[in-house]
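Following: one structure in structure tokens, then a few remarks.
Position 1 is the first residue of the sequence, and the numbers go up from there.
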Amino acid sequence: MEKVLVITHVASEGPGTLGDFLMSRGFEIETVRLFDGQALPGGSLEYHAVVTMGGPMNVHDDERYPFLAREVEFLRRAISENVPVLGICLGAQLIARAGYAPVRSGAGKEQGWKNIFVTDEGRKDILLQGVPALFRVFQWHDDVFEVPAGGVLIATARNLPNQAFRYRNAYGLQFHVEVTRDMLAEWMDQDPDRDEVLRTFDNIEREFSLVARALYANFLWLADIRRRVSSPTGRIAAGV
């Protein structure tokens with residue numbers, strides 16, 4: 001059975017619908033709960049893919065959360081070994097940091113349902129095949145990332161241009177596509193906009209789900225391609 005490593009930074013930000021999708025496709029999920037003191041794996045990374053989830057912490061808050069610096073080094077190793085990597089929100093910012101790109105405070109918290117636009121490069125990218133040129137996602141973040149050198153911006157927005165990027169064999173999504181209604185209800189429990197956020201989810205659930213499933217399927221397709229062209233040692237052949 002193929003195995004996907006999922007890295008979590010807080011109990012409330014798990015893989016959501018991505019986890020459901022992986023299990024429905026027969027993948028085994030190995031979860032590392034960094035906030036509970038669990039360690040990232042060492043040795044050869046024999047995973048179909050690595051997914052790193054969101055969290056409320058700042059990407060550079062190593063003193064308070066020492067696991068962040070360790071995770072950045074782990075992501076650098078996964079990228080160097082050509083293991084497909086997907087980062088969501090904080091996970092995307094950690095990939096950007098792993099690629100030596102700046103991650104900084106934005107102009108303020110971006111929260112709620114927002115429109116995302118696929119860039120010209122994104123229209124050619126595997127991850128966004130079958131995804132509408134404009135789609136809605138849920139946002140909840142303070143910090144923003146720059147695209148690592150050599151990377152490509154594949155999705156943007158009017159207020160915050162850097163929304164999704166590809167860096168070698170890694171993808172970073174600033175936004176959330178994995179959320180379920182229950183996750184949103186928990187996240188927004190004390191927020192005055194909770195009811196409106198949930199109403200919007202109910203109204204767009206079908207289209208939102210279709211976008212998420214297309215992204216997941218495309219990411220796994222990329223992982224399958226890389227697995228098929230792997231060398232006998234388990235690493236991707238040079239030049240792929």
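- Here ring-ring contact (aromatic ring centres under 6.0 Å, His included) pairs that include residues 24-45, with residues two or more places apart or in two chains, are Phe27-His48.
- Residues Leu22 and Leu210 do not share a hydrophobic cluster, clusters being chains of Ile/Leu/Val/Met/Phe/Trp/Tyr side chains in contact below 4.5 Å.
- Relative to the ring axis of Tyr100, Arg76 places its NZ or CZ within 45° and under 6.0 Å from the centre.
- With Asp62 contributing its side chain and Leu68 its backbone, the two residues share no donor-acceptor pair below 3.5 Å.
- Using a 30° and 60° split on the angle between ring planes, Phe138 and His176 fall in the tilted class, from 30° to 60°.
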For Glu30 and Val4: C-alpha separation, side-chain torsions, deciding distance, then whether side chain to side chain contact (heavy atoms under 4.5 Å, CB included) applies. CA-CA 6 Å; Glu30 179 180 324; Val4 174; over 6 Å; no
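- Listed for the Gln129 side chain is a donor-acceptor partner under 3.5 Å among the backbone atoms of Arg123.
- Contact check for Leu198 versus Arg181: side-chain heavy atoms found under the 4.5 Å cut-off.
- Of all heavy-atom pairs spanning Ile116 and Ala155, the tightest one is CG2-CB, 3.7 Å.
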Dump the intermediate steps for side chain to side chain contact (heavy atoms under 4.5 Å, CB included) on Ile95 and Val85, then the final yes or no. CA-CA 9 Å; Ile95 292 171; Val85 179; 3.7 Å; yes
Using side chain to side chain contact (heavy atoms under 4.5 Å, CB included), reason through Leu215 and Val131 one step at a time and then give a plain yes or no. CA-CA 8 Å; Leu215 288 170; Val131 173; 4.2 Å; yes
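- Although no hydrogens or angles enter the test, the distance criterion places a donor-acceptor pair under 3.5 Å between the side chain of Trp113 and the main chain of Val197.
- Each of Val51 and Val10 belongs to its own hydrophobic cluster when Ile, Leu, Val, Met, Phe, Trp and Tyr are linked at side-chain heavy-atom distances under 4.5 angstrom.
- Ion pairing between a basic and an acidic side chain is recognised when a charged N comes within 4.0 Å of a carboxylate O; Asp142 and Arg104 show no such pairing.
- Looking at residues two or more places apart in sequence or on another chain, you find a salt bridge (charged side-chain N to carboxylate O under 4.0 Å, His left out) between Asp36 and Arg33.
- Phe219 and Ile126 end up in the same hydrophobic cluster when Ile, Leu, Val, Met, Phe, Trp and Tyr side chains are linked at under 4.5 Å.
- A donor-acceptor pair under 3.5 Å is formed between the side chain of Thr156 and the backbone N or O of Pro161.
- Connection of Leu75 to Tyr65 is established within a shared hydrophobic cluster, with ILVMFWY side chains joined at heavy-atom distances below 4.5 Å, either directly or through further cluster members.
- Sorted by first and then second residue, the side chain to side chain donor-acceptor pair (under 3.5 Å) pairs involving residues 204-220 (not counting sequence neighbours) are Thr17-Tyr216.
- With values rounded to the nearest 0.5 angstrom, Leu90 atom CG is found 8.5 Å from Asn58 atom CG.
- Ile79 approaches Arg168 most closely through the heavy-atom pair O-NH2, 3.7 Å.
- Closest heavy-atom contact between Val59 and Asp143: N-OD2, 4.1 Å.
- Remark: side-chain polar atoms of Thr119 are paired, donor with acceptor, to backbone N or O of Leu153 under 3.5 angstrom.
- With no hydrogens or angles considered, a side-chain donor-acceptor pair links Asp125 and Tyr171 at under 3.5 Å.
- Neither side chain, Glu13 nor Thr8, offers a donor N or O lying under 3.5 Å from an acceptor on the other.
- The CE atom of Met57 sits 8.0 Å away from atom CZ of Arg64, with the distance rounded to the nearest 0.5 Å.
- When all heavy atoms are compared, the tightest approach of Ala212 to Val177 is CB-O, 3.4 Å.
- When each of Gln139, His141, Met188 is tested with Gln111 by the rule side-chain contact (heavy atoms from CB on, under 4.5 Å), just one qualifies, namely Met188.
- Checking Asn159 against Glu110 by side-chain atom types alone, a donor-acceptor pair falls below 3.5 Å.
- Taking the centre and axis of the six-membered ring of Phe21, the NZ or CZ atom of Arg25 falls inside the cone set by 45° and 6.0 Å.
- Electrostatic pairing of Arg194 and Asp191 does not count as a salt bridge here, judged by no charged N lying under 4.0 Å from a carboxylate O.
- In terms of heavy-atom proximity, Pro148 sits nearest to Gly99 at CB-O, 3.6 Å.
- Listed here is the closest heavy atom pair of Val144 and Gln93: N-NE2, 4.5 Å.
- The hydrophobic cluster containing Phe175 does not contain Phe117, counting ILVMFWY residues as joined when their side-chain heavy atoms lie under 4.5 angstrom apart, directly or transitively.
- Side-chain contact between Ile7 and Val50 is present, with heavy atoms from C-beta onward closer than 4.5 Å.
- Inter-residue side-chain proximity for Asn162 and Gln174 is flagged as unmet; no heavy-atom pair is nearer than 4.5 Å.
- Expressed to the nearest 0.5 Å, how far CH2 of Trp140 lies from SG of Cys89 amounts to 10.5 Å.
- Residues Leu173 and Val137 are not in side-chain contact: their nearest non-hydrogen atoms beyond the backbone lie 4.5 Å or more apart.
- The distance from the CD1 atom of Ile29 to the CG atom of Leu5 is 10.5 Å, given to the nearest 0.5 Å.
- Leu128 places a side-chain heavy atom less than 4.5 Å from the side chain of Ile154.
- Rounding to the nearest 0.5 angstrom, the gap separating the CZ atom in Phe67 from the CG atom in Asp61 is 9.0 Å.
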Using the rule given for side chain to side chain contact (heavy atoms under 4.5 Å, CB included), can you reason through Arg70 versus Leu34, listing the C-alpha separation, both sets of side-chain angles and the distance that settles it, and then say yes or no? CA-CA 10 Å; Arg70 294 194 293 270; Leu34 295 180; over 6 Å; no
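- Side-chain atoms of Asn169 come within 3.5 Å of backbone N or O of Val83 as a donor-acceptor pair.
- Considering CZ of Arg77 and CG of Leu45, their distance stands at 4.0 Å, rounded to 0.5 Å.
- The existence of a salt bridge linking Arg166 and Glu121 is excluded, since no basic side-chain nitrogen approaches an acidic carboxylate oxygen closer than 4.0 Å.
- Residues Pro102 and Phe145 have side chains not in contact (no heavy-atom distance under 4.5 Å, counting atoms from C-beta outward).
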